[in-house]
S.K.: 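Starting off with a structure, shown below.
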Amino acid sequence: MSNVPVAVVTGSNKGIGLAIVRALCKQFPGDVYLTSRDPGRGQAAVAQLQQEGLQPLFHQLDIDDLQSIRALRDFLKEKYGGINVLVNNAGIAFKVHDTTPFAVQAEVTLKTNFFGTRNVCTELLPLMKPYGRVVNVSSMVSSSALGGCSQELQQKFRSDTITEDELVQLMTKFVEDTKKSVHEKEGWPNTAYGVSKIGVTVLSRIQARLLNEQRKGDHILLNACCPGWVRTDMAGPKATKSPDEGAETPVYLALLPSNADAPHGQFVSNKTVRPW
Ligand code: NAP
């Protein structure tokens, strides 16, 4: 088993994820795994970074596929005995003008952004080593979508006692409500991406709380963040930040020094804790 520290970035064959891997290759003292659901796209991205003189490693990972997540888990457990840095970056968004029915957009978006990310956490968080760092890439849209929820939902999503099961039930209810076209009546905002990212931010708050309760002595720090508005296939060419600039806050959180005890369980943008 290798004693080398290891960092893993989900959805890192392009966009912000690729830029996070680039920065970690330069700054993280250990092995950095670029992961992609498609091995061809992943290997092409590895080759691109190699051209830049960097040495990322590759492993397949489709966060929609539990078998794929578990294969990565088993590999990391066997080769490294755990994980030092996990960046949950993989995500999807329908374009504003996409005509796919809203209920389908809701189901597909929640499947990857919330349920996929949660499955990765369920399988990989138990492998986090002491002083590990976990970064869940959410979005400022989670905050604006929270503001668009009913008071009752806002209270639930801001609660310091909400459980993961309760959050899963709420995310499932959103998808069901869109199918019955009652989501607005039920207090949801009209954004599937926004609700999925509410899920990511609230999940991060819950997971940080559980780490406090169950593994306090391990000094693991886990946060959600917004990378900013970044020029990628998702956000388009008009966005204000380059992918490397978008990687700055996730990388800052991934590399919080071992003597840091904060931020933890926070929503962070531009390296600053934001109110939730
Ligand atoms: P992007 O360029 O579209 O890249 C998304 C990445 O996620 C791709 O590598 C994609 O792989 C991967 N992915 C999607 N579904 C996956 C799955 N099931 N399993 C594994 N990988 C999967 O988007 P981005 O702008 O870099 O976004 C990265 C993260 O930042 C997302 O979570 C996004 O919501 C968040 N974010 C972005 C912005 C922005 O302005 N760009 C703002 C706020 C938050 P494929 O190439 O195979 O599709």
S.K.: Might you work through the side chain to side chain contact (heavy atoms under 4.5 Å, CB included) test for Ile83 and Leu124, ending with a clear yes or no?
M.R.: CA-CA 8 Å; Ile83 309 172; Leu124 297 191; 3.9 Å; yes
S.K.: For Gln60 and Thr35, test the side chains for any donor-to-acceptor distance below 3.5 angstrom and give the result as yes or no.
M.R.: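 No, because no side-chain N or O of Gln60 sits under 3.5 Å from a partner of the opposite role on Thr35.
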S.K.: Looking just at side-chain N and O atoms, do Asn113 and Ser196 make a donor-acceptor pair shorter than 3.5 Å?
M.R.: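 Judged by distance alone, the side chains do pair up.
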S.K.: If you define the side chain from C-beta out and look only at heavy atoms, does anything of Cys121 sit under 4.5 Å from Gln207?
M.R.: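 The answer is yes; the side chains approach within 4.5 Å.
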S.K.: Do the side chains of Asp218 and Tyr131 get nearer than 4.5 Å, heavy atoms only?
M.R.: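 Contact flag for Tyr131/Asp218 side chains = no.
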S.K.: So, the side chain of Trp276 versus the backbone of Phe157: is there a donor-acceptor pair under 3.5 Å, distance only?
M.R.: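 Yes: the side chain of Trp276 pairs with the backbone of Phe157.
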S.K.: How many angstroms lie between atom NZ of Lys111 and atom OG1 of Thr117, to the nearest 0.5 angstrom?
M.R.: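 Here the rounded value is 13.0 Å.
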S.K.: When rounded to the nearest 0.5 angstrom, what is the spacing between CD in Glu248 and CG in Leu253?
M.R.: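 The distance works out to 12.0 Å.
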S.K.: Give every residue pair that meets the salt bridge (charged side-chain N to carboxylate O under 4.0 Å, His left out) criterion with at least one member in residues 88-105, sequence neighbours excluded.
M.R.: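 Passing the test, one end in residues 88-105: no pairs.
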S.K.: Checking Asp64 against Thr112: is there a side-chain donor and acceptor pair closer than 3.5 Å?
M.R.: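 Side-chain D/A pair, Thr112 to Asp64: present.
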S.K.: Tell me which pairs pass salt bridge (charged side-chain N to carboxylate O under 4.0 Å, His left out) where either residue lies in residues 124-145, with sequence neighbours left out.
M.R.: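 Sorted result for residues 124-145: empty, none.
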S.K.: Find out whether Arg22 and Glu52 are in side-chain contact, i.e. whether some heavy atom of one side chain is under 4.5 Å from a heavy atom of the other.
M.R.: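 Answer yes - side chains close enough.
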S.K.: Test Lys179 against Glu107 for salt bridge (charged side-chain N to carboxylate O under 4.0 Å, His left out), laying out the working first.
M.R.: CA-CA 9 Å; Lys179 287 180 185 166; Glu107 182 154 41; 3.3 Å; yes
S.K.: Between Pro5 and Tyr80, is any pair of side-chain heavy atoms under 4.5 Å apart?
M.R.: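 The answer is no, as the side chains (C-beta and beyond) never meet within the 4.5 Å cut-off.
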S.K.: Are more than 12 heavy atoms from other residues, nucleotides or ligands located less than 6.0 Å from atom NZ of Lys241?
M.R.: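 Enclosed.
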S.K.: Please check if Leu110 and Val104 belong to a single hydrophobic cluster, counting links between Ile, Leu, Val, Met, Phe, Trp and Tyr side chain heavy atoms closer than 4.5 Å.
M.R.: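 Looking at the clustering, Val104 is in a separate group from Leu110.
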S.K.: Evaluate the criterion side chain to side chain contact (heavy atoms under 4.5 Å, CB included) for residue pair Ser150 and Trp188; output intermediate values, then yes/no.
M.R.: CA-CA 7 Å; Ser150 65; Trp188 297 102; over 6 Å; no
S.K.: Under the side chain to side chain contact (heavy atoms under 4.5 Å, CB included) criterion, do Leu24 and Leu255 qualify, and how do the steps go?
M.R.: CA-CA 9 Å; Leu24 289 178; Leu255 298 179; 3.9 Å; yes
S.K.: Charged N to carboxylate O below 4.0 Å: is that the case for Asp160 and Arg205?
M.R.: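 Between Arg205 and Asp160 there is a salt bridge, with a charged N closer than 4.0 Å to a carboxylate O.
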S.K.: Which heavy atom in Thr249 sits nearest to a heavy atom in Cys225, and how many Å separate them?
M.R.: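 For Thr249 and Cys225, the tightest heavy-atom pair comes out as CG2-CB, 3.9 Å.
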S.K.: What do you reckon, is CD of Gln67 surrounded by more than 12 foreign heavy atoms closer than 6.0 Å?
M.R.: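 Result for CD/Gln67: open.
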S.K.: Between Ser12 and Ala45, which heavy-atom pair has the shortest distance, and what is it?
M.R.: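 So the two residues come closest at O-CB, 4.5 Å.
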S.K.: Considering only NZ, NE, NH1 and NH2 on the basic side and carboxylate oxygens on the acidic side, decide whether Glu166 and Lys156 come within less than 4.0 Å.
M.R.: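 The answer is no: the pair does not qualify as a salt bridge.
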S.K.: I want to check something: taking the side chain as every heavy atom from C-beta on, are Leu34 and Leu57 in contact at a cut-off of under 4.5 Å?
M.R.: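 With C-beta onward as the side chain, the pair stays apart.
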S.K.: Taking the side chain as every heavy atom from C-beta outward, state whether Met140 and Ser269 have any atom pair closer than 4.5 Å.
M.R.: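 Result yes, sub-4.5 Å side-chain heavy-atom pair found.
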S.K.: So, does His59 use its side chain to make a donor-acceptor pair with the main chain of Tyr33 at under 3.5 Å?
M.R.: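 Pair absent, no side-chain N/O of His59 close to backbone of Tyr33.
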S.K.: I need the minimum non-hydrogen distance between Pro126 and Thr122, along with the two atoms involved.
M.R.: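 Of all heavy-atom pairs spanning Pro126 and Thr122, the closest is CD-O, 3.3 Å.
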S.K.: Calculate, to the nearest 0.5 Å, the distance between atoms CG and CD belonging to Leu222 and Gln266 respectively.
M.R.: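 One finds 11.0 Å between CG of Leu222 and CD of Gln266.
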S.K.: Report yes if some heavy atom in the side chain of His264 is under 4.5 Å from a heavy atom in the side chain of Asn212; otherwise report no.
M.R.: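 Touching, per the 4.5 Å side-chain cut-off.
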S.K.: Between Ser242 and Glu245 (side chain of the first, backbone of the second, donor and acceptor by atom type, cut-off under 3.5 Å), is there such a pair?
M.R.: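 Yes, Ser242 side chain to Glu245 backbone: donor-acceptor pair under 3.5 Å.
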S.K.: Tell me yes or no: between the side chains of Ser204 and Asn136, is some donor less than 3.5 Å from an acceptor?
M.R.: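 Note: Ser204 and Asn136 side chains meet the donor-acceptor criterion.
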S.K.: For Ser68 and Asp62, indicate whether the former's side chain and the latter's backbone hold a donor-acceptor pair under 3.5 Å.
M.R.: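 Checking the backbone N and O of Asp62 against the side chain of Ser68, a donor-acceptor pair under 3.5 Å is found.
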S.K.: Is it the case that the side chain of Lys197 and the backbone of Val137 share a donor-acceptor pair, with hydrogens and angles ignored and the cut-off at 3.5 Å?
M.R.: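 Side chain of Lys197 to backbone of Val137, a donor-acceptor pair under 3.5 Å: yes, one is there.
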S.K.: With a 3.5 Å distance limit and no angle check, can you tell me whether Arg274 reaches the backbone of Ser143 through a side-chain donor-acceptor pair?
M.R.: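 Such a contact is absent between Arg274 side chain and Ser143 backbone.
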S.K.: Would you check if the distance from the ring center of Phe174 to the ring center of Phe114 is below 6.0 Å?
M.R.: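 Distance test on ring centres: not under 6.0 Å, no.
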S.K.: Inspect the surroundings of CD in Gln50 and state if more than 12 heavy atoms from other residues, nucleotides or ligands are less than 6.0 Å away.
M.R.: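 Yes, because the 6.0 Å sphere around CD of Gln50 holds more than 12 heavy atoms from other groups.
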S.K.: Please give me the minimum heavy-atom distance between Val134 and Met128, naming the atom from each residue.
M.R.: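 Minimum heavy-atom contact is CG2-CE, 3.7 Å.
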S.K.: To the closest 0.5 Å, what do you measure between CZ (Arg209) and OG1 (Thr161)?
M.R.: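 The CZ atom of Arg209 sits 6.5 Å away from the OG1 atom of Thr161.
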S.K.: Ignoring hydrogens and angles, tell me if any N or O in the side chain of Asn223 forms a donor-acceptor pair with the backbone of Gly265 under 3.5 Å.
M.R.: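 At least one qualifying donor-acceptor pair exists.
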S.K.: Go through the steps to decide whether Arg118 and Glu164 satisfy the test salt bridge (charged side-chain N to carboxylate O under 4.0 Å, His left out), and finish with yes or no.
M.R.: CA-CA 9 Å; Arg118 174 178 181 252; Glu164 197 170 317; 2.6 Å; yes
S.K.: Say whether, by atom type as modelled, one donor and one acceptor occur between the side chain of Arg231 and the main chain of Thr240 under 3.5 angstrom.
M.R.: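 Here the side-chain-to-backbone pair exists.
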S.K.: Can you confirm whether the side chains of Thr201 and Ser138 place a donor and an acceptor under 3.5 Å from each other?
M.R.: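 Yes, Ser138 and Thr201 have a side-chain donor paired with an acceptor closer than 3.5 Å.
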S.K.: Of the options Leu76, Leu72, Leu66, which is the one that meets Glu123 in a side-chain contact (heavy atoms from CB on, under 4.5 Å)?
M.R.: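 The single option meeting the side-chain contact (heavy atoms from CB on, under 4.5 Å) with Glu123 is Leu66.
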S.K.: Under 4.5 Å between any side-chain heavy atoms of Leu167 and Ile206, yes or no?
M.R.: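 Yes, close enough: below the 4.5 Å cut-off.
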S.K.: Can you name the closest pair of heavy atoms from Ala19 and Asp244 and give their distance?
M.R.: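 The answer is CB-OD1, 3.5 Å.
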S.K.: Can you check whether Thr100's main-chain N or O pairs, donor with acceptor, with Gln105's side chain at less than 3.5 Å?
M.R.: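 Yes; at least one donor-acceptor contact below 3.5 Å.
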S.K.: Let me check something: do Ile92 and Val195 share a hydrophobic cluster, defined by ILVMFWY side-chain heavy atoms less than 4.5 Å apart, either directly or through other members?
M.R.: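 Cluster IDs for Ile92 and Val195 differ.
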S.K.: Do the side chain of Asn84 and the main chain of Val6 share a donor and acceptor less than 3.5 angstrom apart?
M.R.: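 Yes, the answer is positive, given that a donor and an acceptor are paired below the 3.5 Å cut-off.
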S.K.: Indicate the atoms forming the closest heavy-atom contact of Leu61 with Thr10, along with that distance.
M.R.: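 So the two residues come closest at CD2-CG2, 3.6 Å.
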